[in-house]
Amino acid sequence: MSIQSLEVPSREAAHPGWQRPMTLSEQILSRAAGRPVAPGDMVVVAPDLVMGHDSLSPSIIRVMRDQLGVDRVFDKDKIAIVLDHVSPASTVGTANNQNKVRAFAREQDIRLFDVGRGICHQVLVEERLARPGMLIFGSDSHSCSYGAVGAFGSGMGTTDIALIWATGKTWVKVPPTLRVQVRGRFRPGVSAKDLALRVCRDLTIAGATYAAIEYHGLDWLPLEGRQTLASMAVEVGAKAGIVPPTGVVAEQLLPPAWLQVQEDAVYEQELVIDLAELEPQVARPNQVDDVCDLSEVAGTDVSVVFLGTCTNGRYEDMRAAARILSGRRIHPNVRLMITPASNLEMQRAMRDDTLSILIDAGATLTTPGCGMCMGRHQGTLGDGDVCLSTGNRNFRGRMGAPSSRIYLASPEVAAATAISGRIAGPEEV
Amino acid sequence: MNDPRERVVTRQNKRVKKMSRIWKFGADVDTDQMVPGRFAPYMRPDHDVADAAFIEARPDFNREAVAGDVIVAGANFGCGSSREYAPLALKRRGIAAIIAPSFARIFFRNAVNLGLPLFVASDLVHQLHEGDQVTVDLNDYQLIHGERSFALPPLPDFARAIVEAGGIVNYVREHGGFPEVA
Ligand code: SF4
C-alpha cells in the first residue's frame with residue numbers, strides 16, 4: 001500500500017515532443033493515453049486510481065469474477081473501496097453485501113475504508129490518494145469531485161469499473177472543455193454552493209453533457225470550496241470538472257510540473273460569473289437546474305433540513321451552520337439532520353465547539369457517510385416531507401417518498417431555514 | 001403460476017421482429033426515476049431489479065411493459081447517478097430499444113456496455129406517441145409504424161460493435177479487448 005506506487009510520471013516521460021496547448025483535461029488524458037490527444041479522440045487509457053463504493057462494489061465483483069472470469073484485480077494499489085452509501089448497514093441484504101465486499105478486499109489486499117470513515121470522495125482526498133494530474137474513475141457519478149484537487153475524475157457504472165479492475169484500462173472520448181470564468185469574491189452569507197448552483201442555473205441540467213468544465217479565477221478558494229463546486233459538475237452532465245490546482249491546493253498537494261493552465265488552449269465555450277452580484281441560490285424540486293435567488297422561495301415551509309453529503313458535509317460547512325445556530329434553537333416543526341462527510345471532519349468539529357453548538361440547537365448527528373442523501377437510511381423522507389438539503393440532487397423521490405420535495409442550498413441557508421422553519425437567508429434570522 | 005412477470009424475458013432475442021408498444025417519456029428522465037436507490041439490488045439482493053423499473057415514476061410502465069417494448073424519450077435521458085442497475089432493469093425487462101434526442105453520459109456508457117440498443121434521433125421522437133404499436137427491425141435498423149417506416153440511426157462504430165455483441169463483457173470475451181478506436 002505505498003503511496004509511491006501511485007506517483008504520476010512526468011508528461012515528458014510519457015511522450016516527449018508535446019507541443020499543442022491543451023486544457024487540463026487534455027493534458028491529463030494525454031498522459032494516461034500515452035500520446036497527445038484532442039477533443040473527440042477515442043482513447044484507451046490507464047487510470048491512476050479506481051474507486052468502488054458499497055452500493056456498486058458487490059455487482060462489480062460479480063461481473064469481474066463471474067462474467068469476465070478474472071480472479072485478481074489488475075493492481076491492488078490503484079484501487080480503493082469505501083463503504084459509505086448505507087453506512088452502517090440498514091438491512092440484512094446490505095449487511096451481507098458489505099461482508100462480501102470486505103472479504104473481497106481482504107483477499108485481494110485492497111485498501112478498504114469501512115463504515116464510519118466517510119464519503120468516498122472526501123476520504124480519497126483526505127488520504128491523499130486523489131492528487132493533481134491523476135486520472136480517477138469511480139463507481140459513483142460524483143467522482144467528478146476529484147477535480148477539486150486538479151485530477152480528472154469521472155463516474156462510471158458497474159461493468160466499466162469491473163473491466164478496469166480486471167484489465168487496468170478503459171476507453172474514453174476526449175471531451176471538449178468548457179471554461180467557467182469566475183470574477184470577484186463572495187459577498188457575506190454567499191459561498192461555494194451558491195456558485196455551484198449558479199453554474200447549474202446558467203448551464204442547465206444537460207448544458208455540459210460530454211464536456212469537461214475548467215473553473216478559473218478561483219486561486220483563492222480553499223480546497224473545501226473547490227470540492228463543493230467540482231462535485232456538482234455532473235449535475236450539468238459534465239464528464240469532469242476541474243479547478244486548476246493553485247493556491248493552497250498547490251501548496252498542500254504539489255501538482256506535477258507538467259500540469260499547467262495554458263491560456264492559449266481551446267475552450268469550447270465560456271461562462272462568466274461575477275461573484276459580486278451573486279446572491280444565495282436555491283434549487284427547487286425536482287430539478288437541479290431549476291435554480292432561483294433565495295428571495296423567490298423564502299418563506300416556504302420545510303419539515304427537514306439536511307446538512308451533509310460530498311457537496312457540503314465538511315467541517316467548514318458545519319462551522320458555517322454553527323455560526324448562525326449559535327445560542328439558537330431550531331424550529332419545533334423541523335428535524336435538523338447532520339451527517340459529517342468523514343470521521344476526520346467530525347473530529348475537527350468536535351475539537352472546537354461546532355458540534356456542541358449544533359447539538360445544543362437541536363440537531364441530530366448521524367454516522368459519517370452519505371446519510372439520507374439517497375433516501376436509503378438515517379432519515380428517509382416520508383410523504384409530504386419538504387427537505388432543504390445541502391446535497392447535490394433533488395430528483396423526485398431521491399431522498400424517500402416520491403411525494404416528498406427537496407430544495408438544495410448552502411449550509412448558511414440550511415442553518416437559517418432550520419431556525420425559522422421556512423426557507424430563509426442568514427440575515428433574516 | 002400466473003405471474004405476469006413470467007412474460008418478461010431476461011435475454012430477449014433482439015433480432016426477432018414483433019409488435020412493440022411505445023412508452024413515451026419527457027426530457028431529463030433521471031436514473032432515480034428508473035430505479036430509486038431504495039430499490040437497488042444492493043438493498044434487495046433477493047429481488048429481480050426488473051421488477052423495480054419505473055416503480056414509482058411510471059407505475060403503468062412498471063405493471064405493463066413487456067419484452068420487446070420501446071422507450072421514446074426527450075433529451076438527456078438517464079441523467080443523474082451512475083447506477084448501472086437503472087439500464088439493467090430496462091434490459092432485464094426486455095426493452096428492445098430506447099430512442100431519444102440525447103442521452104446522459106454515464107447512462108449511455110452503461111446501456112452500451114449492457115448491450116441495450118440506443119438510438120439518438122430527435123425527429124423520430126416527435127412522430128411517435130404513447131401507446132403506438134410499432135415493429136422494430138434491428139437487422140435493418142428500421143422502425144415500422146403502420147404504413148410508415150423510419151430509419152434508426154446507428155450508434156458510432158465503437159458503441160455499435162459493443163451493442164451488437166450483446167454488451168462489452170461478451171465483446172471482450174470474444175475479441176480479447178475493446179473495439180478498435182478511431
Ligand atoms: S453523499 Fe450523496 S451524492 Fe455524495 S456520494 Fe454519497 S450518495 Fe452520492
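Each chain gets a letter, A, B and so on, in the order its sequence line appears, and its residues count up from 1.
- Heavy atoms closer than 4.5 Å to chain B are found in the side chain of A/Leu56, but not in its backbone.
- Within the 4.5 angstrom heavy-atom criterion, no atom of A/Lys173 approaches chain B.
- Contact between A/Gln287 and B/Asp28 at its shortest, heavy atoms only, is NE2-OD2, 3.2 Å.
- When side chains are defined from C-beta on, A/Ser139 does not count as touching B/Glu84, because their heavy atoms never get closer than 4.5 Å.
- Put simply, of A/Gly375, A/Gly400, A/Ser90, the one with the most heavy-atom pairs under 4.5 Å next to chain B is A/Gly400.
- Inter-residue side-chain proximity for B/Arg109 and A/Thr170 is flagged as met; some heavy-atom pair is nearer than 4.5 Å.
- Both the backbone and the side chain of A/Asp54 come within contact range of chain B, each with at least one heavy atom under 4.5 Å from a heavy atom of that chain.
- Minimum interatomic distance between B/Met43 and A/Thr91 (heavy atoms only, all atoms of both residues): O-OG1, 3.8 Å.
- Of all heavy-atom pairs between A/Asp140 and B/Ser82, the closest is CA-OG, 3.3 Å.
- Considering only heavy atoms from C-beta on, B/Phe178 comes within 4.5 Å of A/Leu163 through its side chain.
- A/Met374 places none of its side-chain heavy atoms less than 4.5 Å from the side chain of B/Pro36.
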Salt bridge (Lys or Arg N to Asp or Glu O under 4.0 Å) between B/Asp32 and A/Arg396, intermediate numbers included: CA-CA 7 Å; B/Asp32 276 77; A/Arg396 190 165 94 102; over 6 Å; no
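- Two residues are said to be in side-chain contact when any heavy atoms from C-beta on lie closer than 4.5 Å; B/Leu114 and A/Thr159 meet this criterion.
- At a 4.5 Å heavy-atom cutoff, A/Val101 makes no contact with chain B through either its backbone or its side chain.
- Contacts of B/Glu56 with chain A are made by both backbone and side-chain atoms, with heavy-atom separations under 4.5 Å.
- Annotation for B/Asp157: atom CG does not count as buried by contact number, only 12 or fewer foreign heavy atoms lying within 6.0 Å.
- Among the candidates B/Ala104, B/Ala75, B/Pro41, B/Ala57, the residue making the largest number of heavy-atom pairs closer than 4.5 Å to chain A is B/Ala57.
- Residues A/Asn97 and B/Pro45 have side chains in contact (heavy-atom distance under 4.5 Å, counting atoms from C-beta outward).
- Contact annotation for A/Glu235: neither backbone nor side-chain heavy atoms come within less than 4.5 Å of a heavy atom of chain B.
- With hydrogens and angles left out, the side-chain atoms of A/Thr380 and B/Arg38 include no donor and acceptor closer than 3.5 Å.
- Counting heavy atoms of neighbouring residues, nucleotides and ligands inside a 6.0 Å radius, atom NZ of A/Lys169 does not exceed 12 of them.
- Of the candidates A/His85, A/Gln98, A/Arg376, A/His53, A/Gln98 is the only one forming a side-chain hydrogen bond (donor to acceptor under 3.5 Å, both in side chains) with B/Tyr42.
- Side-chain contact check for A/Arg393 versus B/Ser81: some heavy-atom pair is nearer than 4.5 Å.
- In this structure, no portion of B/Phe107 lies under 4.5 Å from any heavy atom of chain A.
- Considering all non-hydrogen atoms of both residues, B/Gly80 and A/Ser141 come closest at O-CB, 3.7 Å.
- If you measure heavy-atom distances from A/Val288 to chain B, you find no contacts under 4.5 Å at all.
- Within the 4.5 angstrom heavy-atom criterion, no atom of B/Ala27 approaches chain A.
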